[in-house]
Amino acid sequence: MPTNASHAAIWKIVRTIPHGRVASYGQVARLAGLPRHARMVGAVLGLAPAAMKLPWYRVINSQGRIALPPNSPGFREQRKRLRDEGVIVVKGKIDLKKFGWKAGNDSPLLD
DNA sequence: CACCTGACCACGC
DNA sequence: TGCGTGGCCAGGT
């Protein structure tokens, strides 16, 4: 079942995102070997069983913004979890220069 | 098989 | 900084 294989590949990459860092849907898709499948990443994260304890909240869009609707339960949870890891979130936005996973961020301070 | 949806993305203004 | 637009693609109906 190829669908499941994709899910596994995506989850595997997400598990790899370092503590205190964030990656975009498109980035995760590419690293998972699934170029142009950013949308699928979002859908797949929602399917992940809670027991898996996947750091889904470390995945945001290419503009450094939380993709969930502002003020929605999911949005607030993602924001809280990120802040608990030291990620600065202002109006649902995050500075990718500082917290983006292997992006233009020079300071590997946290990992 | 056609059509719609969406936790996306790049580009233009 | 903030929309609109077109493109993308798996899934569901």
Side-chain angles (χ1 to χ4, degrees):
Chain A
M1 197 183 291
T3 298
N4 236 314
S6 296
H7 292 188
I10 290 171
W11 289 330
K12 181 171 184 172
I13 296 301
V14 173
R15 260 199 318 273
T16 306
I17 304 173
H19 177 285
R21 296 290 191 74
V22 295
S24 74
Y25 295 93
Q27 185 178 4
V28 170
R30 285 196 306 281
L31 293 174
L34 300 168
R36 297 179 290 295
H37 285 243
R39 302 190 94 124
M40 198 174 76
V41 173
V44 171
L45 289 185
L47 300 177
M52 191 185 289
K53 295 195 187 336
L54 200 73
W56 57 270
Y57 50 87
R58 291 182 188 150
V59 185
I60 60 181
N61 67 32
S62 67
Q63 294 156 63
R65 289 180 79 347
I66 288 179
L68 294 167
N71 245 327
S72 66
F75 174 91
R76 285 192 295 269
E77 184 184 351
Q78 179 164 23
R79 187 180 55 184
K80 182 186 188 311
R81 294 202 165 193
L82 287 173
R83 285 175 171 167
D84 285 346
E85 293 192 345
V87 176
I88 299 173
V89 184
V90 182
K91 292 182 184 300
K93 285 190 317 179
I94 297 162
D95 187 344
L96 293 177
K97 286 293 185 178
K98 295 176 182 168
F99 306 103
W101 183 32
K102 31 180 161 177
N105 63 341
D106 31 28
S107 58
L109 303 175
L110 322 160
D111 263 39

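Note that these values count all heavy atoms, side chains included, but never hydrogens, waters or copies made by symmetry. All values derive from a computational prediction rather than experimental measurement. Here is the naming used below: chain letters follow the sequence lines, and residue numbers restart at 1 for every chain.
Note: the hydrophobic cluster containing A:Ile10 does not contain A:Leu47 (ILVMFWY, side chain heavy atoms under 4.5 Å, direct or indirect links).
Contact check, A:Lys91 against C:dT1: no side-chain N or O comes under 4.0 Å of OP1 or OP2. Between A:Ser24 and B:dC9, a side-chain N or O to OP1/OP2 separation shorter than 4.0 Å is present.
For the pair A:Ile17 and A:Arg58, the tightest heavy-atom approach, listed with the atom from each and the gap, is O-NH1, 2.8 Å. Between A:Val59 and A:Gln78, the closest heavy-atom pair is O-NE2, 3.1 Å. Minimum heavy-atom separation, A:Ala38 to A:Tyr25: O-CB, 3.8 Å.
Taking every heavy atom of residues 35-72 of chain A and every atom of DNA chain C, pairs under 4.0 Å involve A:Arg36, A:His37, A:Arg39, A:Met40, by number.
Distance CG (A:Leu96) to C1' (B:dA10): 15 Å, rounded to an integer number of Å. Atom CZ of A:Arg30 is separated from atom P of B:dA10 by 7 Å (rounded to the nearest Å). A straight line from CD1 of A:Ile10 to P of C:dA10 spans 11 Å, rounded to a whole angstrom.
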For A:Leu96 and A:Ile60, run side-chain contact (heavy atoms from CB on, under 4.5 Å): C-alpha distance rounded to whole Å, both residues' side-chain angles, the deciding distance at 0.1 Å, then the answer.
CA-CA 10 Å; A:Leu96 293 177; A:Ile60 60 181; 3.8 Å; yes
Might you work through the salt bridge (charged side-chain N to carboxylate O under 4.0 Å, His left out) test for A:Arg81 and A:Glu85, ending with a clear yes or no?
CA-CA 7 Å; A:Arg81 294 202 165 193; A:Glu85 293 192 345; over 6 Å; no
